Amino acid sequence: MPAYATNMRLKFPILALILEAVTIVLYALLVVYETGDAHGHDGSHAESNTSHSSSPMTLYPMFQDVHVMIFIGFGFLMTFLKRYGFSSVGINLLLAAFGLQWGLLLQNIWHMHEGKITVSIEKMINADFSTATVLISFGAVLGKTSPVQLLIMTLLEITVFCINEHLVVGVLGVSDVGASMTIHAFGAYFGLAVARVLYRPGLRNGHENEGSVYHSDLFAMIGTVYLWMFWPSFNSAIAEPGDAQLRAVINTYFSLAACALAAYATSSLVEKKGKLDMVHIQNATLAGGVAVGTCADMNIQPFGAMLIGVTAGIISTVGFKFLTPILASKLGIQDTCGVHNLHGMPGILGGLAGIVAAALGKKESVSATYQACGLASSLGFALVGGLITGLIMKIPFLGQPPDQNCYDDSIFWEVPEEEEEHEERLTHGDYSKNKAEA
Amino acid sequence: MPAYATNMRLKFPILALILEAVTIVLYALLVVYETGDAHGHDGSHAESNTSHSSSPMTLYPMFQDVHVMIFIGFGFLMTFLKRYGFSSVGINLLLAAFGLQWGLLLQNIWHMHEGKITVSIEKMINADFSTATVLISFGAVLGKTSPVQLLIMTLLEITVFCINEHLVVGVLGVSDVGASMTIHAFGAYFGLAVARVLYRPGLRNGHENEGSVYHSDLFAMIGTVYLWMFWPSFNSAIAEPGDAQLRAVINTYFSLAACALAAYATSSLVEKKGKLDMVHIQNATLAGGVAVGTCADMNIQPFGAMLIGVTAGIISTVGFKFLTPILASKLGIQDTCGVHNLHGMPGILGGLAGIVAAALGKKESVSATYQACGLASSLGFALVGGLITGLIMKIPFLGQPPDQNCYDDSIFWEVPEEEEEHEERLTHGDYSKNKAEA
Amino acid sequence: MPAYATNMRLKFPILALILEAVTIVLYALLVVYETGDAHGHDGSHAESNTSHSSSPMTLYPMFQDVHVMIFIGFGFLMTFLKRYGFSSVGINLLLAAFGLQWGLLLQNIWHMHEGKITVSIEKMINADFSTATVLISFGAVLGKTSPVQLLIMTLLEITVFCINEHLVVGVLGVSDVGASMTIHAFGAYFGLAVARVLYRPGLRNGHENEGSVYHSDLFAMIGTVYLWMFWPSFNSAIAEPGDAQLRAVINTYFSLAACALAAYATSSLVEKKGKLDMVHIQNATLAGGVAVGTCADMNIQPFGAMLIGVTAGIISTVGFKFLTPILASKLGIQDTCGVHNLHGMPGILGGLAGIVAAALGKKESVSATYQACGLASSLGFALVGGLITGLIMKIPFLGQPPDQNCYDDSIFWEVPEEEEEHEERLTHGDYSKNKAEA
């Protein structure tokens, strides 16, 4: 691969500025504030028939929790790689910043009033949600893609997501309050399909940068803990106010607590010496939040949520230990962050739990059949959308890094030269000069 | 101590899964959502007679602040040790995840309605609170205990805490809105009693891992600053809505601000060269939040809160400098995080301030005598409960690490081998190969 | 410079304790809680005529968001320097803890009721705001000043800020809801004036400590992302409830999203190899929050906010690349954190945007002329106040560090000796002894 291919100087700024310019033009034509009388008649995520209290700011604390999950949670969760922290948290910010603008447009294009989209806090929450799909897929291809490729993925994935969400939630009326199917399973399988298309035989035997260092694992725990804490907000933010919203909070709280114990136990169990593995703790403790998503607002009772959480924690940990290596070696799917274990399988589990709960009548006017259709639709759009998107991302001009520069910030970032400097200092014994004291 | 004793492969997963299974069974039998009419008649912490606004989500932002204190605050505060960050933030998550499930059960077992415990946001806040006792005690034994020992401590300590809280707040009607006595002093002296029982003569002269590195101190500051910022939520979350809750916020805000100045000043004053010590800054700046807890909702006026904060900041810093070494050398109490200085003495100070404030009539229908009983009860339950718990934790089978492996994650965690690798790289001079650029 | 000059043992504790003691006396005389009837009639920031809902806690979640920006956001943003993280986050806490006490007094001294200042959540928000000016100026002189100098700067800068704010917002009735002029431009130019007076020719050619290491840049991203996420709260916290507050949230959300894309694009564009520069990402992505501040609550529509954000992102990045070196070499202004690019120019841009928006009638009863006076007043007070404050801070006795100890925590902090230890370990080959496993 020739050297210029990864030089982003022209193609990245031009793409980013064109995307932003087009977005601004569309906003100038279509997007206005929601005002006075309209408050409380949002009807989104994107089409559910919720009605919030009349203050336009009621959902604002929920919005900020979700915002923290998107930008701190997802961003820092991926900083576990020793040389890829700048990209993890930095490109996460870039993709989400563009994605929320694009998502808000497309989620609301289906039901404008007098040719205008009105922005409310609830629509901002949904816009943030739409970016989560991209950030999940980002985890699957982390370290092996360029910012240009990822901006294109953001554009396409959010577009596909909005179509599927409109179909599943809007047209079919499927219940998916915490978006196990429409966000988590969708984002994971979309990303895995992209990863399959971008398969790199050269990385079959691993890469020296594809590991953590002690402090990078601690940075990742910032992401983990924020996701873990605020997941009740993710699953309840757009629930029907009142009892349903409270149920969504409570179910998620207990599912995650039970999931944490299961993940710790399983992590110790699958390791020869019984030690805990940071990869499991950083990820599998969160699977309970994913899996309880679809039925978070249903009447499954706290112990039901806990059972879902325990199941998710076990499945996820086992997946990291045994399934991820097989996916890479047998199927050519190199899933950097293991999104299949955190979002993929737990997302499907969530969809299945929703079907069962619907069949048991845990939420009024929710049909098991339609729930199953919602799951199938989400998986189908994800796989097809991901494959097509992957093919587009494979165009050489888009700056995909060569194998030897994967998982390394320095190909797209100015990186401080700390280690060489340190080495030199040791060699020349001149370290002490920094320590002069007045 | 034989090698197998610290292999957690069977005993840890079995214990964790049994605890979770028992919990789920009890929840299936006893725990349901709070619904409709019941909102606003919680009457908890666990028994105070508060009545919140009728929306079930009113306290949710407060809950999330407390949640952040428990999982980010306590977790990262303890990451200051150079090789014990995984355990600090990771085991903190494990213990709190189990503790909140257990705490919610036991706090509400005293007053069920028709044989059921109903879950509300306020009860989730109280469940989070109950875990704080364990996390404080964890700080006293940090680095010297196994996950199995700590799960047992969690089970026992929360049980004792719930009995004492029921007695003090429920039966005696003692006022302790920010829980200086029932959480902070209780957690500290419980942990110190456990630490006394687990005394290790082999660590009398310190341990090479019992110190920080530059970035571990910065990680710890994340914990410090979050605790500092959200402490007003901790002290006001379950206060009577209206003026009392506002007072709790304001008093805590000013107590902490004044405490910070006192802690910085004292830290510089007690050091030969006048330099600031990170241990003091990470901990003593928070003592004002602890000490103002009991009288946070009382009419002590902002300047009264500031005086409490200044006193706590000075006492705490002086304790770290002069008292902690004496406790270790003379009394055999090796208090890793100095919880005696952050939670113990400031907790007692808070109890005493509450007695004085009650005597001065700063809160209606609060009796100085009963306040004194509440303090005595909390200390008594803590010391006796801690001693018994410590004896149980001392059973060899529970995986207590040998002295030479204390304060070292690698005995219970897979740890990335960064330093050896770095060393090797320097030796072989092959570092540059990572730096190939396309 | 003689050795004793930087020993803080007496002068720092004495100054800090005197400031705190004076503050407590003033609070005992003047400050009480707001109670019952008074709720909702605050009229602050400091004088705008807002009326909030009758619950005293309505603004509390907003307050906590702002609180996080002040203590985590500003604190960690400045941890990018490799050896100055303790000071960045630690002295940030110290200055803000004192500043909020002082700010609350001075902001409300102009309009007491019956000789008393009543504290409410809104006044706590404004007190936090007042500290932001100091933290911005701190960024300009970061690494080159002592805690004693900085406490004096806090005292003086907040005093000048309160006078200017009273004049601009209170007397002239200028609209500046997100404080582009009164906080950001003011804080930046105040700090730059101080930096000019404290000019150090010895640092003309840079300093070996004035750079980042890999993980210090990640710590700084914690600050960046929190500021980015919560900026909508900063700009809307004291807006008129209802549509105006919603507009302030929405405008800031979109301005920042658009700004992020512009900052990334420009960062890549100005660098020879097209790589992203962490300094730009950490700072210029936030310029959209600053620049949309003045007209955040005005009817500029989302696309207007996005245009402001894009402009700010470009200006800020270009400023870091080309203007900062010129300021240092030609004007003798050594701006450590580049506050001119993040707060200075975007603050002026915000003021100008407010003038234009006022002229276009985007907010009722706001006059373009008065807006221009507000900008001029803020710049004037900042420059004159900063020059005088700088001259006072230059008094040798105040412990300014010598050039060779700049940007180094170890002159005012106990710092763990990790690197030497590491070096020794490599030399003596005794590293492995830490790795004994049971």
Side-chain angles (χ1 to χ4, degrees), chain B residues 1 3 5-6 61 65 82 208-209 211-215 217-218 221-222 225-226 228-230 233 242-243 245-247 249-250 253-254 256-258 260-262 264-266 268-269 271 273-278 281 285 301-303 306-307 310 401-402 404-405 408 410-411 419-420 423 426, chain C residues 7-10 12-14 16-17 19-20 23-25 27-28 31-36 55-57 60-61 64 67-68 71-72 75-76 79 83 85-86 89-90 93-94 97-98 100-101 119-121 124 147 215-216 219 222 411-416 418 422 426 431 434-438:
Chain B
M1 184 169 289
T6 61
D65 290 353
K82 66 178 112 171
E208 61 176 329
N209 289 338
S212 64
V213 290
Y214 194 68
H215 282 167
D217 270 326
L218 279 178
M221 282 302 284
I222 297 175
V225 176
Y226 270 103
W228 197 91
M229 293 187 303
F230 288 166
S233 302
D243 288 349
Q245 192 170 35
L246 180 64
R247 276 199 301 271
V249 167
I250 293 172
Y253 181 67
F254 286 119
L256 284 163
L261 266 87
Y264 275 81
T266 312
S268 170
L269 202 59
E271 215 272 332
K273 294 178 186 164
K275 294 187 182 183
L276 298 166
D277 188 322
M278 258 294 169
I281 303 311
T285 50
Q301 292 302 343
F303 84 93
M306 291 156 101
L307 287 174
V310 166
Q404 74 266 27
N405 296 97
D408 190 344
S410 67
I411 192 163
E419 317 239 12
E420 285 88 334
E423 180 181 7
L426 293 176
Chain C
N7 187 324
M8 294 284 109
R9 189 165 186 191
L10 288 181
F12 171 70
I14 289 173
L17 291 175
L19 288 176
E20 187 59 46
T23 304
I24 292 178
V25 170
Y27 271 64
V31 181
V32 296
Y33 312 115
E34 186 177 279
T35 51
S55 162
M57 297 292 286
Y60 188 71
Q64 280 297 2
H67 218 40
V68 171
F71 290 92
I72 287 282
F76 277 91
T79 59
R83 297 175 168 282
F86 289 9
V89 69
L93 171 60
L94 172 71
F98 172 63
L100 66 89
Q101 300 176 63
V119 186
S120 64
I121 303 295
M124 287 163 57
H215 282 168
S216 71
F219 279 114
I222 298 174
I411 193 164
F412 298 123
W413 294 80
E414 296 288 330
V415 170
E418 61 184 309
H422 186 99
L426 293 175
Y431 181 77
N434 299 335
K435 288 286 171 180
E437 292 215 0

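On a predicted model such as this, the values are computed, not experimentally measured, just so you know. Only heavy atoms go into these numbers, but all of them, side chains included; no hydrogens, no water, no symmetry mates. The chains referred to below are lettered A, B, ... by the order of the sequence lines, with proteins before strands, and numbering in each begins at 1.
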Hey, does the side chain of C:Q64 reach the backbone of B:P61 with a donor-acceptor pair shorter than 3.5 angstrom? no

Counting heavy-atom pairs closer than 4.5 Å to chain B, which one of C:F76, C:Y60, C:F98 comes out on top? C:Y60

Residues B:L246 and C:P56: closest non-hydrogen pair is CD2-CB, 4.0 Å

Applying ring-ring contact (aromatic ring centres under 6.0 Å, His included) to B:F254 and B:F303, what does each step give before you reach the verdict? CA-CA 8 Å; B:F254 286 119; B:F303 84 93; over 10 Å; no

When heavy-atom pairs shorter than 4.5 Å are enumerated against chain C, which of B:A262, B:A258, B:G211 gives the highest number? B:A258

Flag, side chain of C:Y33 to backbone of B:Q301, donor-acceptor distance under 3.5 Å: yes

Any donor-acceptor pair under 3.5 Å linking the side chain of C:R9 with the backbone of B:L269? yes

Using a cut-off of under 4.5 Å for heavy-atom pairs, which of C:T79, C:T23, C:V31 has the most such pairs with chain B? C:V31

Using heavy-atom distances under 4.5 Å, tell me whether B:L218 contacts chain C through its side chain, its backbone, both, or neither. both

Taking every heavy-atom pair that is under 4.5 Å apart, which of C:I222, C:L100, C:L17 has the most such pairs with chain B? C:L100

Return the option, out of B:L256, B:D65, B:T266, B:D277, with the maximum number of heavy-atom pairs under 4.5 Å with chain C. B:D65

Pick from C:F12, C:F412, C:F71, C:F219 with the largest number of heavy-atom pairs that fall under 4.5 Å of chain B: C:F219

